[in-house]
Number of protein chains: 2
Amino acid sequence: MADDDAALDVAFTALADPVRRRIIARLSHGPATVNELAEPFEISKQAVSKHIQVLEQAQLVTRSRDAQRRPVHLNPARLEALTAWIDRYRLVREGQFRSLDAVLESSAGHTAPTAKDRK
Amino acid sequence: MADDDAALDVAFTALADPVRRRIIARLSHGPATVNELAEPFEISKQAVSKHIQVLEQAQLVTRSRDAQRRPVHLNPARLEALTAWIDRYRLVREGQFRSLDAVLESSAGHTAPTAKDRK
DNA sequence: CTGTTGATCAACCTTTTAGTTGATTATTGA
DNA sequence: TCAATAATCAACTAAAAGGTTGATCAACAG
């Protein structure tokens, strides 16, 4: 649970940056080196290298070795954990949670004061 | 594009925090007030209020009015944009991107440096 | 061995984020 | 009117994130 939570933290954080999302997009066309990935951006390749480390920690990418190069590969499998989390709440139906809510939330509709008057 | 990108930024950023994810999870059971949402956490309700503003900016939640209360509602529709983005890359197959990669490496596009012999 | 290329490390700077406490606004019920 | 409740605003702090430059490391090619 806490493990999952930490994993989701690093994964969502990794995707919360436009540079890293563009790196992901690029990698969906095949592996690439740091220099190749850095080219479309205005920032230094050191900065890109850091971004890749973030993605690697999130296990969204992996790296291999090819002489001096360390090609980066997309790891699509990890993305599943994110869609799994999102879908859990995305697929909630109106009627479903409304009736559940009525039971769980002290049986008060949201148009009437709730039972939590005390402080 | 840039609009989408900015929207993805705020949305992924919003989910990159465990407190905000727990708020989402709670809201999937029905609307709740700031005080109710703050209760399970150690942090102040001002902090929770800020988290809700982040979620609201990302359009992941909406708010209504009920006397002094401003109940927060989940907006599952917005989560679709995130799964849509993720699925674009999650569903890439091994063989598919491997062959695409071969094409990119030969045509070189704007990332020319791959022309250096790979192995 | 020497030079070049690909990539990372280290130190530093600036902006953003998550949190705090204290005061303020808004709405209600008595 | 007035006290109580729900929530936000304002100012501040501490830590994290994204970026920079300069030095260093690793793996070849001559």
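If you're wondering where the values come from, they're calculated on a predicted model, not measured in any experiment. Chain letters run A, B, ... following the sequence lines, proteins first, then strands; residues in each count from 1. FYI, side chains are in, hydrogens and waters are out, and symmetry mates aren't considered; it's all heavy atoms of this structure.
A salt bridge is defined here as a Lys NZ or Arg NE, NH1 or NH2 lying under 4.0 Å from an Asp or Glu carboxylate O, and B:Asp5 with A:Arg21 meets this definition.
A tilted orientation is assigned to the rings of B:Phe12 and A:Phe12, their planes being inclined by 30° to 60°.
The closest side-chain heavy-atom distance from B:Arg63 to B:Ile52 is below 4.5 Å. Contact check for A:Ser64 versus A:His73: side-chain heavy atoms found under the 4.5 Å cut-off.
Where B:Arg70 and A:Val48 meet DNA chain D, the nucleotide closest to each residue was compared, and B:Arg70 sits on the side nearer the 5' end. In this structure, B:Gln53 and B:Gln68 both approach DNA chain D, and ranking their closest nucleotides by distance from the 5' end singles out B:Gln68.
For A:Lys45, taking side-chain heavy atoms from C-beta onward, the closest of the listed nucleotides C:dT8, C:dT20, D:dT8 is C:dT8. Of the candidates C:dT8, C:dT20, D:dG19, D:dG19 carries the atom nearest the A:Ala47 side chain, counting heavy atoms from C-beta on. Of the candidate nucleotides D:dG18, D:dT20, D:dC28, D:dG18 has the atom lying nearest to any side-chain atom of A:Asp17.
Using a 4.0 Å cut-off, no side-chain N or O of A:Arg69 falls inside it from OP1 or OP2 of D:dA26. Applying the 4.0 Å criterion to OP1 and OP2 of D:dA7, one finds that B:Thr33 has a side-chain N or O inside that range. Taking side-chain N and O atoms only, B:Arg63 has no distance below 4.0 Å to OP1 or OP2 of D:dA6. Taking side-chain N and O atoms only, A:His51 has no distance below 4.0 Å to OP1 or OP2 of D:dA17. Taking side-chain N and O atoms only, B:Asn35 has a distance below 4.0 Å to OP1 or OP2 of D:dA7. Considering only side-chain N and O atoms, B:Ser49 lies nowhere under 4.0 angstrom from the phosphate OP1 or OP2 of D:dA7.
Between the side chain of B:Lys50 and the base of C:dA18, no donor-acceptor pair of N or O atoms lies under 3.5 Å.
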